[in-house]
Structures are given as C-alpha cells and as structure tokens.
J.: 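What follows is a structure written as structure tokens; I'll ask about it next.
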Amino acid sequence: MERKLVAILAADVVGYSGMMRADEEGTLATLATCRTIIDGCIESAGGRVFGGAGDSVLAEFHSSVTAVRTALEIQHRLTAQNADLSESSQMVFRIGVNLGDVVSEGDNLLGDGVNVASRLEALAPPGGICISRQVTEQIAGKLDEGFVSAGLKGLKNIPTPLEVFVWPATAARSIRTQPKYGRWAAAIASVATLAIAAFWYSHTLPSASKLPTGARIALVPFKNLSAEPGDTYFSDGLSRDINALLARFSNLFVIAPEAMLAFRDDTGCEKLRETLGADFILRGTVQRSTDQLRVTTTLTDAKSCRQLTSPGPFDVDLNAERLLEVQLDIARKVASAIGSSDAPLFKSAIAQEIRNKAPDSLDAYECVFLSFWFYQTFTIEDHRIARDCLLRTVEAEPDYSLAWSRLAYNYLESKKRQMDTRPDWSVQARRAANKALEADRENPDAYYALAIHSRMVGESTDIFRKYAQRAIDLNPNDSWILADLGIFLAYSGEWEAGETWITRARELNPQLHPGYGNAFHLHAIVRGDYDEALAVIAGMGGARRHMNIASTAAALALNGELDAARNLVNELRKEFPDATKDPLAPFRARDMPEDLIDKLRKGLKLSGLDV
C-alpha cells in the first residue's frame, strides 16, 4: 500500500433524504446536473474523483490551493444553477477540504486524511466550505476569498480537536462552539504544538492595496562567515536590504524578514515550504575583512528542493557603493529568475533613485544595520551603540534620511522601554523624524516614527491616522510597520481598521508575534462576543501578562463563567500583586476607549476584584 500527502475534497447534499421523499425523480435529475458541474470542475482542475455514494463526492488534489479554488468554483457555479430553480427544487452542497496523509488501495484512498475531510464537510454551512488549519496555511495570500476561524472543533473519531476555518465569513459564528473556561484551558494544551497564530487568517483585507502576487520567496538571513562572530548584525542587515529591494516587485510575494529569523539555522527546504508556503528560497553567506567583501548565494526551487542558478559569488572592495551594487545585482537576478523582466529594479531611473538615497559611507550603512539589530537583543548596550552611531552618521551625512528616521525611533524605544531615556526624548524624536522627511519626503519609516510619537504624546487620533496611513501607503508590505501601527490604531478605537493592518502583517509574516492578537481579543470584548475573546486569547497561548489576565478574567465573568473568572483573579493577586491595585492602568495608559474600560471594570468587579 502506498502512502501519500494529498488534499481531499468531500462534498455532500444538504437534506438529500427529504428531497428524495418529496420528489425522487426530480431530485435524481437535479443531482445528475449538479454532478456534471462538480465533476467537470474537479477534472478541469486536475483533481480525481475516487469515491462517494449517491449524493456524496470524494476527490483528491495534489495542491491545497487547487482543492480550495475548485471548492469555491463549485459553490459559485451551483449557486448560479440554483438561481433558475424554485426553492423546493434547489440542491445545496456542503464541502470540506483537508490536507492529510492517506493510503492508496487500488483507486480508493483511505485514512484520517479522508476522514477529517468528511467531518469538515459535515460541519460546513449549507452552500459553504470548511477547511482545516493545514489547508489555511497553504492557501494564505493565494486566493481572493477569505476564510474565518470557527475555533477548535472536536471531530467524531478524531482524537485531537482541530481548528476549523469557514467560508463564507458570515457563517463562522453560527457553527462556532460555545467554549467554557475548562475546555478553553484544555484547548491551549492540545494545540501547544500547532501554529498559535492561525487565527489571523480569519480576517480578510478589504483594501485597495492587494497583497503581492506571484511566487513566494523566503530569504533566509545570510550566514556570517567573518572572523568576528559579532558581525552577524552586518550579514542580517545586508539580507534585510535585499529583502526590501525584492519587495519592490509586485509580481513577487516576499515573506517578511522578521518571519525568517526563526529559520536562520539550516532549516530544511521541506520545512520552509510547508511552514511558510515558500515557492523559492534564497540563502547566502557574508564574509568581510578589513577592505574586502565576499557574498555567495543559493537559490532553491522549494517545490523540488532543486538548486537553481544563483547570483554571485561576489568578491568586491568593501565600501558603500560596492555593497549597494551587490544587493541590487542579487535582487535583479533573483527577480529575473522567478519574476519578470519588467519589474521596477530593471528601470534605470528606479535604480538611480535607490543609489541617490543610499549613504556615501560604509559606516552609515552599518549604523542602520545596528539599529535593526537591537530588536534581536533588546539590550541597553546595543541600544546605546546604535544611537551614538546614528548621531555620528547624521552629523557626517545629514541628507541620509533613513539614519534620521532610525534615530527618531531609537528615542521612541528609549521611552517605550524605559531604557536610557533622555528628558527631551519627545523633542528629539520629532526633530529626527522631520529631518528624515526633509531629506526624503517618501521615507515610510519617518511617517511611522511620527505616527507612534503622536500616540505616545497623546495627540489626537486624526494626527496619528494621517501619519500612519501615509507610512502604509508608501510601503504596504512592511509587516513590522503594519503590525505596530495596526495595534495602536485598534487601541485608539478604530478596531476594524487596526485589525485589517495586523491581518495584512500576519499574511506577510506568518511568524508574527502572537501578542498582536490582543487587538482582536479586546475588540471581541467590546462587541460582547466573549466566546471569541476567550478563543483568541487561547490562540495567543493563554493569559500570561497581567494585562491579559485581567481582560480574560473580565471576559469570563461577563460570559457567566464566574468560578473560572475568580480563579484567574486569584492568580493575578498571587503573581502580580501590584497590578491588582489598579488593573485598568495599562488600558488607560494606552488611551483605550471608555466603552472597553467600562466593560473590563464591570467584569473584574463580577470576578471579585474591587476596581
């Protein structure tokens, strides 16, 4: 018997037995018409029908994307077919899609991969589709239609609860379970080995700025082969710049550099393909000496794990001009191999604009690299080194916009993290951001800094939104900026807009920190959807910080689960005694809306905490 990993599509008629009792001949005729549509869709997509009896269909596909696309086409075509029939004659199907391991027995397929698909089909709304989390990960960013999480589901004869995603989005709530705290806690344990951020795929992006199309490329941070192990910041910075250059190609989906940090240590081709949905993988090495730079690269087709012709190697003098040319050359050659020859970097005017904005000195490059390296260590020493280096750079090269905007954010971080904070941090941050814009009016990093500064000093949401929108308009594919601005926007009360930005960040960066889920968790509390609030916090790994414990206890109490809420408040008293003096302080400090704070206050009082 042969084992293989395939996508399984299961379809079944809603209310078939009742239709047969009412009109056997008419039902069989309608079924034949529907089967012609379904079988035709499957065959034209390269799938194969291998099973089904009467009103059911089982089909296999080699790709999750193809299976879901076919499922959507089937539902759309059946809807059009039903439009011409009386309500009593209409035939509606449910569809489930799963990616799983199966066993071939002749022309038939057996195993849990098939069983789960059938269970998902039974959960699907009439005329809708249910898919598993594995399928959701595979289709992320590749289809126009959006699937919404319906939470964890216990499926018959399947030992582990599975997270289920539903189309259309409006049907998710009707099939979502009503979790109690005990089951919610158990769910955390059962999904500990799963990707805890799968919830993000449940929110589509209603924006004019669509996600990048085309091949998905994963750029693994280049390895540092220099004599100095501390030079990793340099190889990481060079990798980040190449990533940014590739992201200028609209026909490439460049996975966010932050997502790749977890895969720097020789992660295999198969894992990158399965975890990130990568179509191509770019790796490299960086070795530098006092005056020489050597860069090598490896470009891999992730589908076959076969190495392709790679840019380089590059052996050049170590200076700012040659460093930029190496980055441009790598980006061009990769794009040419897997993208198209009409992309922006092949236009001389675009390439010259990039050169004009680059610094004159290698030291300036290194200072910007150091400013990003701080986010790998979060040490006060690296913070100071980056700040002092940036101060020297803007004095030597006052027209280098990115150095000014990175300096602005250095001052903001000092305040946010209470790390070597200067009394005039606000003045210096605003000045540096404005200097960045004087040098380059289209520097998204500068608008990003001004947006965060406006919230930190308590300016109106309108001011924040103006700067934030400009930053995202200029660079809609920076997951870092999208997520950070998105959560600030959500906390200001523009929940849906903030969630949209965070969702886009998640699609660009599948490894986005789960803490950004707090926006969705708190918004669900505002809406009074306490089940969803608890499901989201479970997907984030549970309530660990005192702020999350307080909001989760409030949600439990407001949901009528008073014993669980009081137990959680007791944990708060034990682990964070100072926080119980004013548990709403973190929410007020972030200037969150009064309707949220009122609900939290009410829930905490019900939990036995005097607020």
Side-chain angles (χ1 to χ4, degrees), residues 217-248 254 257 260-261 263-266 280-300 307-337 345-346 348 350-377 382 385-386 388-390 392-394 396-397 399-403 406:
I217 180 165
L219 195 161
V220 181
F222 287 9
K223 276 190 175 181
N224 170 39
L225 299 184
S226 304
E228 280 291 331
D231 279 356
T232 300
Y233 80 89
F234 185 87
S235 54
D236 270 23
L238 184 145
S239 308
R240 175 179 281 275
D241 278 4
I242 295 172
N243 192 295
L245 289 171
L246 285 169
R248 297 185 69 140
V254 185
M260 302 309 305
L261 296 173
F263 303 99
R264 65 163 74 243
D265 297 326
D266 297 317
F280 296 91
I281 303 163
L282 179 64
R283 303 179 191 269
T285 66
V286 179
Q287 185 173 12
R288 67 170 184 163
S289 59
T290 305
D291 56 0
Q292 289 292 307
L293 176 69
R294 178 175 175 81
V295 180
T296 67
T297 66
T298 303
L299 182 62
T300 304
Q307 289 192 14
L308 306 175
T309 303
S310 306
F314 303 90
D315 291 285
V316 298
D317 293 337
L318 183 56
N319 58 54
E321 182 181 358
R322 296 302 294 134
L323 177 64
L324 177 59
E325 290 305 322
V326 167
Q327 293 171 329
L328 280 168
D329 205 12
I330 291 172
R332 285 197 196 98
K333 288 178 179 175
V334 169
S336 179
L345 288 189
F346 294 101
S348 58
I350 297 291
Q352 190 56 49
E353 177 191 349
I354 293 169
R355 294 188 185 96
N356 291 342
K357 292 180 180 180
D360 295 328
S361 71
L362 185 65
D363 287 344
Y365 262 119
E366 294 196 46
C367 288
V368 169
F369 289 173
L370 281 167
S371 74
F372 283 107
W373 180 250
F374 164 74
Y375 296 98
Q376 304 307 308
T377 66
D382 284 331
I385 289 172
D388 294 344
C389 190
L390 289 167
R392 292 195 303 272
T393 296
V394 295
E397 297 194 43
D399 292 332
Y400 185 24
S401 179
L402 189 56
R406 287 288 85 207

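In this text the structure is predicted, and so the values were computed from the model without any measurement. When a residue number appears, it is its place in the shown sequence, counting from 1.
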J.: Would you check if the side chain of N319 reaches a backbone N or O of R322 as a donor-acceptor pair within less than 3.5 Å?
T.: yes
J.: Check whether any side-chain heavy atom of D291 sits under 4.5 Å from a side-chain heavy atom of S289, and report yes or no.
T.: yes
J.: How close do K333 and P311 get, counting heavy atoms only, and between which atoms?
T.: CB-CG, 3.8 Å
J.: Is there a donor-acceptor contact under 3.5 Å from the side chain of S235 to the main chain of K223?
T.: no
J.: Are P313 and R294 packed together at the side-chain level, in the sense that at least one heavy-atom pair is separated by less than 4.5 angstrom?
T.: yes
J.: Do I242 and F222 come within less than 4.5 Å of each other through their side chains, counting heavy atoms only?
T.: yes
J.: Does V254 reach the side chain of L219, with side-chain heavy atoms less than 4.5 Å apart?
T.: no
J.: Mark yes when over 12 heavy atoms from residues, nucleotides or ligands other than E321 sit less than 6.0 Å from its CD; otherwise mark no.
T.: no
J.: Could you tell me whether the side chain of N224 and the main chain of E228 form a donor-acceptor pair under 3.5 Å?
T.: yes
J.: Do S310 side-chain atoms and L299 backbone N/O form a donor-acceptor pair below 3.5 Å?
T.: yes
J.: Could you tell me whether the side chain of E397 and the main chain of S361 form a donor-acceptor pair under 3.5 Å?
T.: yes
J.: Could you please spell out the steps behind the salt bridge (charged side-chain N to carboxylate O under 4.0 Å, His left out) verdict for R392 and D388?
T.: CA-CA 6 Å; R392 292 195 303 272; D388 294 344; 5.7 Å; no
J.: Are the side chains of Q287 and T285 in contact, using a 4.5 Å heavy-atom criterion?
T.: no
J.: Got D363 and T393 here, is their nearest side-chain heavy-atom distance under 4.5 Å?
T.: no
J.: Between Q307 (side chain only) and T298 (backbone N and O only), is there a donor and an acceptor less than 3.5 Å apart?
T.: no
J.: Both conditions, 6.0 Å and 45 degrees, for the charged tip of R240 above the ring of F369: are they met here?
T.: no
